[in-house]
Each structure stands twice: as C-alpha cells, then as structure tokens.
J.: 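Structure in structure tokens, see below.
Residue indices begin at 1 and follow the sequence shown.
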Amino acid sequence: MRALALLACLLMAGCQATTFETAPIAAEACDSNLAGRWLSIGDSVDEDGETELRIDADCQLEVIEHENDGPRTGPATTVQVGRHRGHRYAWVEAGWIRERFDAEFDAPASDVHLLRYRIDHDVLHVLGSDDKDLAHRIIDNELRGEVHAADNRLHVRLTGPAQPKLLDTPRLFAGDELRFRRAE
C-alpha cells in the first residue's frame with residue numbers, strides 16, 4: 001500500500017504537492033523507453049504491483065490500482081516529457097489528477113505536475129518535488145509562486161512563464177522516490 005500512497009501524494013491526491021503554471025521546458029517526442037507496463041515496487045514483496053502504470057508509444061498513461069476488490073481504473077491522459085541538463089522530466093495536467101484521484105487542490109486544471117525520472121535496468125525511478133522546501137523558497141521570495149496550506153494539506157504553485165533554469169534549483173526533486181519494475 002505504500003507505493004499507492006506515495007503515488008497519490010506525488011500526483012497530488014495526498015497531503016502536499018507542487019504544480020507549475022507552465023511546464024519549465026518544452027515537450028519533446030515521447031520517450032520510447034517509457035512505453036510498456038510498469039508495476040510498483042513496494043517495501044515488501046507483498047506490496048509489489050499494487051500500482052500499475054501503462055504507457056503506450058504515444059505517451060498515453062493509464063494508472064491501475066490493484067485493490068482487494070479488483071482493479072480501479074480511470075481516464076487515461078497524455079504524459080509530456082522533456083530533458084534538461086541530463087535529466088528527464090515527465091508532466092501531466094493537474095485537471096487530470098483532480099479527476100482521476102479525486103484530489104482536493106486549488107490549482108487551475110491547466111497547471112502541470114512535474115516529476116523527474118530515470119530508467120535503470122528496467123526499473124523506473126520517479127522523484128517528486130520537495131514541497132516544503134519550495135514553499136519556504138516562495139515565502140522567502142527566492143522563487144515566484146503561491147503557497148496554500150489548510151487542513152494538513154500543502155499546495156505549492158510555481159508561477160510564471162517556462163523557465164528551464166528553474167530545474168536547476170537545489171533540492172527541487174528531493175522528495176519521495178517511487179520505483180516501478182517493467183512488467184514482462
């Protein structure tokens with residue numbers, strides 16, 4: 001269950017998250033290495049495969065939650081991908097997250113949720129942002145954005161036009177890491 005909970009937090013259905021008004025980099029063609037089925041790697045063998053990501057060659061993402069009473073699915077979405085200084089990034093629209101995961105946050109539907117990823121020996125590593133650190137940086141006027149905190153939830157929104165240099169911000173992707181193993 002830990003993988004599903006972390007995915008939910010990373011995809012904003014949880015207690016804290018960061019969105020971007022505009023993706024910091026331009027979208028590129030779909031990363032063919034992402035295509036396939038990916039099963040979550042849990043803290044124990046019993047937790048492996050609780051969450052499944054299906055990504056097709058056109059970067060259509062479907063998330064399947066394997067629960068005791070059967071699989072839970074929802075609408076698919078397009079994953080946008082890009083690269084900056086040797087790192088790979090993926091993002092989806094906040095509106096899809098709100099619909100798919102019944103998330104409660106105030107970001108416009110066109111905002112994006114950005115993750116850093118890498119693939120190493122058929123393991124997909126997904127890193128989320130360090131939401132609390134970003135909130136402090138916005139409050140201290142180091143970054144342009146908004147911070148909303150209520151009912152034990154934190155939503156950080158980075159505002160402004162696309163700025164690739166934003167991805168160079170120290171600790172931007174120092175949040176939780178999720179891992180998925182490529183399914184055969």
J.: Using the side chain to side chain donor-acceptor pair (under 3.5 Å) criterion, which residues pair with Gln60? Sequence neighbours excluded.
T.: Thr78
J.: For Arg153, does its backbone N or O pair with a side-chain atom of Asp151 as donor and acceptor, under 3.5 Å?
T.: no
J.: Taking all non-hydrogen atoms of both residues into account, name the closest pair between Glu21 and Gly160 and its distance.
T.: OE1-N, 2.6 Å
J.: Taking all heavy atoms of Ile138 and all of Val156, pick out the closest pair and write down the distance.
T.: CD1-CG1, 3.4 Å
J.: Contact between Asp111 and Glu93 at the side-chain level, heavy atoms closer than 4.5 Å - yes or no?
T.: no
J.: To the nearest 0.5 angstrom, please state how far the CG atom of Asp130 sits from the CG atom of Leu172.
T.: 8.5 Å
J.: Report the distance from atom CD of Gln163 to atom CG of Leu143, rounding to the nearest 0.5 Å.
T.: 9.0 Å
J.: Between Arg116 and Arg88, is there a side-chain heavy-atom distance shorter than 4.5 Å?
T.: no
J.: Could you tell me whether the side chain of Leu127 reaches within less than 4.5 Å of the side chain of Leu115, counting heavy atoms only?
T.: no
J.: Inspect the surroundings of CZ in Arg182 and state if more than 12 heavy atoms from other residues, nucleotides or ligands are less than 6.0 Å away.
T.: yes
J.: Would you name the heavy atoms of Pro75 and Trp96 that are closest together and state the gap between them?
T.: O-NE1, 2.8 Å
J.: Who are the side chain to side chain donor-acceptor pair (under 3.5 Å) partners of Asp48, not counting sequence neighbours?
T.: none
J.: Measure the spacing between CG of Leu61 and CD1 of Ile55 and express it to the nearest 0.5 Å.
T.: 5.5 Å
J.: So do the side chains of Val63 and Leu53 get within less than 4.5 Å of each other, counting heavy atoms only?
T.: yes
J.: Are the side chains of Thr77 and Glu62 in contact, using a 4.5 Å heavy-atom criterion?
T.: no
J.: Using modelled atom types only, decide if a donor and an acceptor are shared between the side chain of Arg98 and the backbone of Ala107 within a distance under 3.5 Å.
T.: yes
J.: Roughly how far, to the nearest 0.5 Å, is the OG1 atom of Thr18 from the CZ atom of Phe173?
T.: 9.0 Å
J.: Taking all heavy atoms of Glu47 and all of Ser40, pick out the closest pair and write down the distance.
T.: O-OG, 4.1 Å
J.: Keeping to residues at least two apart or across chains, list the salt bridge (charged side-chain N to carboxylate O under 4.0 Å, His left out) pairs with something in residues 68-79.
T.: Glu65-Arg72, Arg72-Asp102
J.: Are the side chain of Asp56 and the backbone of Asp58 linked by a donor-acceptor contact shorter than 3.5 Å?
T.: yes
J.: When hydrophobic residues are tied together by side-chain contacts of less than 4.5 Å, even through go-betweens, does Val79 share a cluster with Leu39?
T.: no
J.: Which of these, Val126, Ile119, Val123, Thr51, sits in a side chain to side chain contact (heavy atoms under 4.5 Å, CB included) with Trp38?
T.: Ile119
J.: Just so I know, are the side chains of Arg179 and Arg181 near enough to count as touching, which here means a heavy-atom distance under 4.5 Å?
T.: no
J.: Under the side chain to side chain contact (heavy atoms under 4.5 Å, CB included) test, which residues partner Glu146, sequence neighbours left out?
T.: His148, Arg157, Thr159
J.: Sequence neighbours excluded, which residues qualify as side chain to side chain contact (heavy atoms under 4.5 Å, CB included) partners of His84?
T.: Ile25, Tyr89, Pro164, Leu167, Asp168
J.: I need the Leu178 CG to Ile41 CD1 distance, nearest 0.5 Å.
T.: 10.0 Å
J.: Would His66 and Glu52 count as a side chain to side chain donor-acceptor pair (under 3.5 Å) if you check the C-alpha gap in whole Å, the side-chain angles of each, and the deciding distance to 0.1 Å?
T.: CA-CA 8 Å; His66 295 283; Glu52 178 181 347; 2.7 Å; yes
J.: Decide whether Val112 and Val147 are clustered together by the hydrophobic rule: side chain heavy atoms of Ile, Leu, Val, Met, Phe, Trp, Tyr closer than 4.5 Å, transitively.
T.: yes
J.: Do Leu114 and Pro24 come within less than 4.5 Å of each other through their side chains, counting heavy atoms only?
T.: yes
J.: Nearest heavy-atom pair of Pro71 and Ile64: which atoms, and what distance?
T.: CB-CG2, 3.8 Å
J.: Between Ser129 and Asp131, do the side chains contain a donor N or O and an acceptor N or O under 3.5 Å apart?
T.: yes
J.: Is the count of non-hydrogen atoms from other residues, nucleotides or ligands lying under 6.0 Å from Asp120 atom CG greater than 12?
T.: yes
J.: Specify the closest pair of heavy atoms between Phe20 and Leu166, including all atoms of both residues, with the distance to one decimal.
T.: CE2-CD2, 3.5 Å
J.: Would you list the pairs meeting ring-ring contact (aromatic ring centres under 6.0 Å, His included) in which at least one residue belongs to residues 116-142, sequence neighbours left out?
T.: none
J.: Got Leu154 and Lys132 here, is their nearest side-chain heavy-atom distance under 4.5 Å?
T.: yes
